[in-house]
Amino acid sequence: MDTIKVVAAIILTIYLFPFLSFGFQSDELLVDDEEFGLEGAPQPRFPEPTSTRSAPVTTATRKRHSDLDSDSKIEFSLDHAFGDSDFSPAGTFSARIKTWSHGGQTLTKLRFSRNNFTNEEQKKFKNLLESDDFYRIRLPSNVLSPPGRDFIISSVKARCLPREGLDEHFVIHMEGVNVLAVNYGSPGSCSYPRNLKLPVKWSFSSYTVLKNSEQAPRAPIFTEEILGGENGGGEVVQPPERSFWAKYWMYLIPLGLIITNAITQAMNMPEEQATGQVPASAGMVQRGPSSAARRR
Amino acid sequence: MATRSFFVPFLLFALCFYSSLTPVLSLYEDQVGLMDWHQQYIGKVKQAVFSTQKTGRRRVIVSTEENVIASLDLRHGEIFWRHLLGSDDVIDGIDIGLGKYVITLSSGGSVLRSWNIPDGQMVWESFLQGPKHSKSLLLVPTNLKIEKDNVIVVFSNGRLHAVSCIDGEVLWNKDFEAESFEAQQVIQPPGSDLIYVVGFAASSQFEMYQINARNGELLKHERATFSSGFLRVVSLVSSETVVALDSTGSILLTISFQNGEISFQQTPISNLVEDPSGPAVILPSSVPGIFAIKTNAFTIFIRVIDEGKLEVVEKTNHETTVSNALPISEGQQAFALVQHAGSEIHLAVKIAHDWDGNLLEESIKMDQQRGLVHKVFINNYIRTDKSHGFRVLIVMEDHSLLLLQQGAIVWSREDGLASIIDVTASELPVERDGVSVAKVEHNLFEWLKGHMLKLKGTLMLASPEDVAAIQSMRLKSSEKSKLTRDHNGFRKLLVVLTRAGKLFALHTGDGRIVWSHFLQSLHKSGTCQSPIGLNLYLWQVPHHHAMDENPSVLVISRCGPSSDAPAVLSFVDTYTGKELNSLSLVHGVVQVIPLPYTDSTEQRLHLLIDSDKHAHLYPTTSEALRIFKREFSNIYWYSVEDHNGIIKGHALKCKCTGEVADEFCFDTRDLWSVVFPSESEKIIATVTRKLNEVVHTQAKVVADQDVMYKYISRNLLFVATVAPKGSGEIGSVTPEESWLVAYLIDTVTGRILHRVTHHGAQGPVHAVFSENWVVYHYFNLRAHRYEMSVIEIYDQSRADNKDVWKLVLGKHNLTSPISLFSRPEVITKSQSYFFTHSVKAIAVTSTAKGITSKQLLIGTIGDQVLALDKRFLDPRRSVNPTQAEKEEGIIPLTDSLPIIPQSYVTHALRVEGLRGIVTVPAKLESTTLVFAHGVDLFFTQLAPSKTYDSLTEDFSYALLLLTIVALVAAIFVTWRLSERKELQDKWR
């Protein structure tokens, strides 16, 4: 039983090894991304059946030599829109497709070349800045046969982008060759209320990150004896061992009172017998004068 | 002497003090029903059968639309026994066999069961297979026997079965292969060995099969064609005659198949009635010799005279309902007819062959809030003077069930409450002079007696009778069922909307119905044939200072199932149950967004999104518009298109550019979209935080005096997707081809903040989102067990606010406004645990200020509600927690979540057919109110961290008082005693 488990674990490790070692390959990655926790193994899944690969070639220029080639270049375009205007091309992503032996495909070596704003676009962007409107971008949802099922749209308030120049930050969430979503915005924070600020130079500095899904940690599996130890109580917080006093104070206090009372009694008795009328008890001290006064 | 007299009261006091401090982990037996109540319902009755044998005479067996079969007491309407079949096990028919068994046919005619009437035990169950899907018909002939076996005849799945009534064995079966044959009736003429199966084939063919009941042999098969086709409903008027309508609904066809010969007799409806006004439909009934048709304006009763001649006996424009025939003596059959006339209903019991003579005629005043009579079931009994008496069971439009006898309503059941769609809680009025319903304690003696009993109970001196008396006294305490607001906020009104379209207000103290209101907009009417209630929102919650105003709720409904059907808004006062206003809208409603803004009269602003993606603002006042304009650019929302796996974000654009100027209508635009690849992911669950949730603290202090800031955003959406292959039942796929992906998405910008894949996992997913964490439940195919995972999300951008000096000098960014357009810096922590049960619903406790720790409320497959501490689902649990972590309260890691039997909040009860759990905060911080609904209702109060801010309900103030008095008395007595002793000593 145990040996089977071990063997299974080894097989699994071997199986996962390639992804662990090659999972994240974007050499364009410039900014820190550890907050997203990349330690999990990205899992490429089997993409759509091969029929879609031979889908009619669309606008995107892609050069693919053969399916057997494990590395092939593709390009897909980024479109942008100002406010509610129509989308127009804004730049091109180029990447290599890595085909794994089992048929899964992932993108690696993503590069992005941004077209500079034309004068007209600059004017439009200025309008956006003035009206605090949205600057929108879109990507195809499938990089092999754009646009795929639908375009992936993302928007940001235009006033978030200008800094020195125009800074933008893409996080592209991939699933094989499908783009799931793109997080688009400024690489830093965008304060609120947003102030109107024109960029000094009209060029973009772009940061791009490719992301695949990470794998969830397995539920821990314990052996029986730990289980027995842990689960026996049900109530898991074991109360700390309490001292004798903490346990039995409610008996000890009355007992103590009884004893003191008894002792006083006992002290009284012999003294009464011995000295007769002298009030010796501590308890009588306060009342002593009063009774004495009354006697007078 | 002195010692003793001092010690006894002390002991008493200590005992009393100690007993009130002992933490109560769960409920004691005698506390059941103190703070909780449980109500049992059955749902809208579909069919009712009366047992005629001696033992069952006091009972009626019903089947309902909630898939319940139940045996009810005819005298009081109580449930003797009840079984809830699964949601995929819809009951097709019930009947009584051999006088002592209930026979039920369910699951599209494939499961036949027999139940013992006295105790509801299942006697046998048999599975009936068949070649194709078809209408299922159940027939239990009274005296058809095959070798001493009573026979049940079932037509289902294109096959006719004869089943033994004793053990459910299939005696014979006969297939009806003909492709298009649709059976309409299975007839067994009494006293013969023949079975007729009649139905339609193709569009215009009537078919009749004559079958030998003894062995299933086909004796005769006749068919006849009628050129203009049929409406596929028949009414049986005698054992060898049926009546049908042609496809235009204007010609009545009397079809007789005497001696195996089919003959048609056509009668145009216009020959019978002068002005038929539109096509007619046949009302299904089985009264011999008489049938009813319904046109737009009239209900017409027609008698079949010899040789298929028809004669109109009555034409009425009142709403009319007819029962099935009930044999009362040989050759005589009676049926009941119920007609509406204003606020009364007229009940007439007639003999089938004699329309004009009524056996019984009664008028009963009926509550308008119950709507129309939907169904009538008749039953007879022998009166004291040996004549026939009749009682009828009627099902109303609001799904309630009433028994009428001797011109009065004997009992009624509010079974609409078995199908609750939405719940909201409302405060009760504040106690004022004149409003107060408080009762003064009856008299001093009673009061003293009560407290003596309580004292006895506390000192464990009480006899069983005393215990019972204490219990009933506690239950009776009028305090909890008052109709005014209480200091702790335990007393509230639960406003519920049922599927029938009726609003009920339930009192949280004892669960009674304070008022009920059948919404005018949800009545079936000419303009709206199938109204559907959708949601319930708090519309107006008056401010604490405006005590003279009543709160109101908004009910959103629409005409018909499609999302572009026009919507109707109704506003209902929650104190009185009166409908304040009702708006019929021109647009539909797809989404309702309660905005976090209120106008000066505390009416909440609501945004309704219609199917054309226009947003409409309500209330339509200029003030609301002004408030709305101010926040115009800060309103974002999202929509989930789960059929094609796209989530979109939206914002407002500008005024509607329609032909009609409407300043409360706005155009919208798409801001972002997330497209899940259709070949690998399918959305199965989306969950957000509750809108009214309160978070007390943003920071969480972890073990080593470190601080983590919770990422608290109202705009987080949890989405779970599974592989399309794995969206079926558990076990239908291998672990390799099944996975589950969990996402946390920001709904303003569409950013995916967290994304994690569980390989080998499968739905269904149930999830709950609260504060900065989400807990979800799914099945792990590799481990063959259910699992629960937790994701907690923390904000890193505030992580450097740890320095005390920064906080003191105000150099922190904790109060600065946050824009979601900034790049989020978050970290997540997650952990998975095994969980034994499958789950029907998950909720989380909510308290007034959010200070009290949270518990998850899990509706288990056994229809119970289990409370599980959130601490068990802490992602920071580790195998060997450090001392600091232990002090913080971190539980050592285990692989599965414990199920502690005492933590079932429903204790011994079951909330049959559990569908939802609603939590409402009480005013007292430690306490939360829990309402679980399904076919049954259950309500209780929970204190997840114990009632740390109040004494328990059963704290005996009298005992405390008594102890103090005894102590004071003891002090005086001892003082006097010692005084005397001293005196004696001194005189010695």
Side-chain angles (χ1 to χ4, degrees), chain A residues 35 37 40 43 45 47-48 84 132 134 141 148-157 160 169 173 175-176 178 180-181 183 185-192 194 213-222 227 230-231 234-237 250 254 257-258 261-262 265 272 276-277 284 287 291 295, chain B residues 2-3 7 10-11 14 18 633 644 646 651 653 669-681 741-742 749-752 755-759 780 783 787 789 796-797 817-819 821-823 825-828 830-834 889 891-896 898 900 982 985-986 988:
Chain A
E35 80 269 20
Q43 279 290 301
R45 279 198 210 112
E48 57 208 20
D84 298 311
D132 191 21
F134 288 102
S141 66
R149 280 203 305 143
D150 203 344
F151 282 104
I152 310 290
I153 305 173
S154 188
S155 329
V156 71
K157 286 273 184 188
C160 290
H169 184 256
H173 290 266
E175 180 62 61
N178 291 305
L180 250 152
N183 302 355
S186 66
S189 68
C190 178
S191 62
Y192 186 89
R194 291 177 285 271
S213 181
E214 50 185 281
Q215 208 176 341
R218 291 269 198 101
I221 297 177
F222 292 142
L227 246 173
E230 296 289 351
N231 261 9
E235 244 338 83
V236 182
V237 197
M250 70 290 278
L257 280 167
I258 293 166
N261 228 317
Q265 287 280 323
E272 273 167 28
Q277 290 166 13
M284 294 294 185
R287 269 185 251 128
S291 55
R295 225 190 310 153
Chain B
T3 318
F7 181 62
F10 175 80
L11 196 73
Y18 186 68
S633 63
N644 59 357
I646 296 179
K653 194 157 84 178
R669 59 174 165 201
D670 294 354
L671 282 189
W672 53 265
S673 62
V674 175
V675 180
F676 296 104
S678 57
E679 65 275 6
S680 65
E681 289 181 44
V741 195
T749 60
R751 287 175 200 270
I752 295 180
R755 173 179 170 203
V756 66
T757 308
H758 296 266
H759 284 277
N780 185 335
E787 245 177 43
S789 284
Q796 283 297 92
S797 63
I818 299 163
S819 171
F821 289 108
S822 308
R823 196 163 70 96
E825 297 170 45
V826 293
I827 52 162
T828 54
S830 60
Q831 179 72 269
S832 302
Y833 302 95
F834 294 120
I891 302 163
L893 185 67
T894 52
D895 59 350
S896 56
I900 305 159
E982 212 175 301
D985 287 347
K986 284 179 183 161
R988 197 176 286 166

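Side-chain atoms are counted along with the backbone in the values below, which use heavy atoms only and exclude waters and symmetry mates. Letters go in sequence order (proteins before strands), and every chain restarts at 1. Because the structure is a prediction, the values reported are computed rather than measured.
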For B:Arg823 versus A:Pro187, what's the shortest heavy-atom pair and its separation?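 Answer, listing the atom of B:Arg823 first, then A:Pro187: NE-O, 2.6 Å.
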Heavy atoms only: give me the nearest A:Asn183-B:Ile752 pair and the separation to one decimal.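 Shortest heavy-atom separation between A:Asn183 and B:Ile752 comes out as OD1-N, 3.1 Å.
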Select one option (side chain, backbone, both, neither) describing which atoms of [X] are under 4.5 Å from chain A's heavy atoms.
X	answer
B:Asn644	both
B:Arg755	both
B:Ser678	both

Working to the nearest 0.5 Å, report the span between [atom1] of [X] and [atom2] of [Y].
X	Y	atom1	atom2	result
B:Arg751	A:Ser154	CZ	OG	7.0 Å
A:Lys157	B:Thr749	NZ	OG1	13.0 Å
A:Leu180	B:Glu681	CG	CD	5.5 Å
A:Arg194	B:Ser819	CZ	OG	5.5 Å

Flag side-chain contact, heavy atom, 4.5 Å: A:Ser213 against B:Val741: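 Yes, side chains in contact.
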Measure from the side-chain N and O atoms of A:Ser189 to the backbone N and O of B:Ser822, and report whether any donor-acceptor pair falls under 3.5 Å.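 Side chain of A:Ser189 to backbone of B:Ser822, a donor-acceptor pair under 3.5 Å: no, none is there.
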I'd like to know if the side chain of A:Arg149 and the backbone of B:Ile646 have a donor-acceptor N/O pair within less than 3.5 Å.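 No; zero donor-acceptor contacts below 3.5 Å.
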Counting heavy-atom pairs closer than 4.5 Å to chain A, which one of B:Glu787, B:Arg669, B:Lys653 comes out on top?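 Winner by heavy-atom pair count: B:Arg669.
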Under a 4.5 Å heavy-atom cutoff, which of B:Phe821, B:Phe834, B:Phe676 has the most pairs with chain A?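 Of B:Phe821, B:Phe834, B:Phe676, B:Phe821 has the most heavy-atom pairs under 4.5 Å with chain A.
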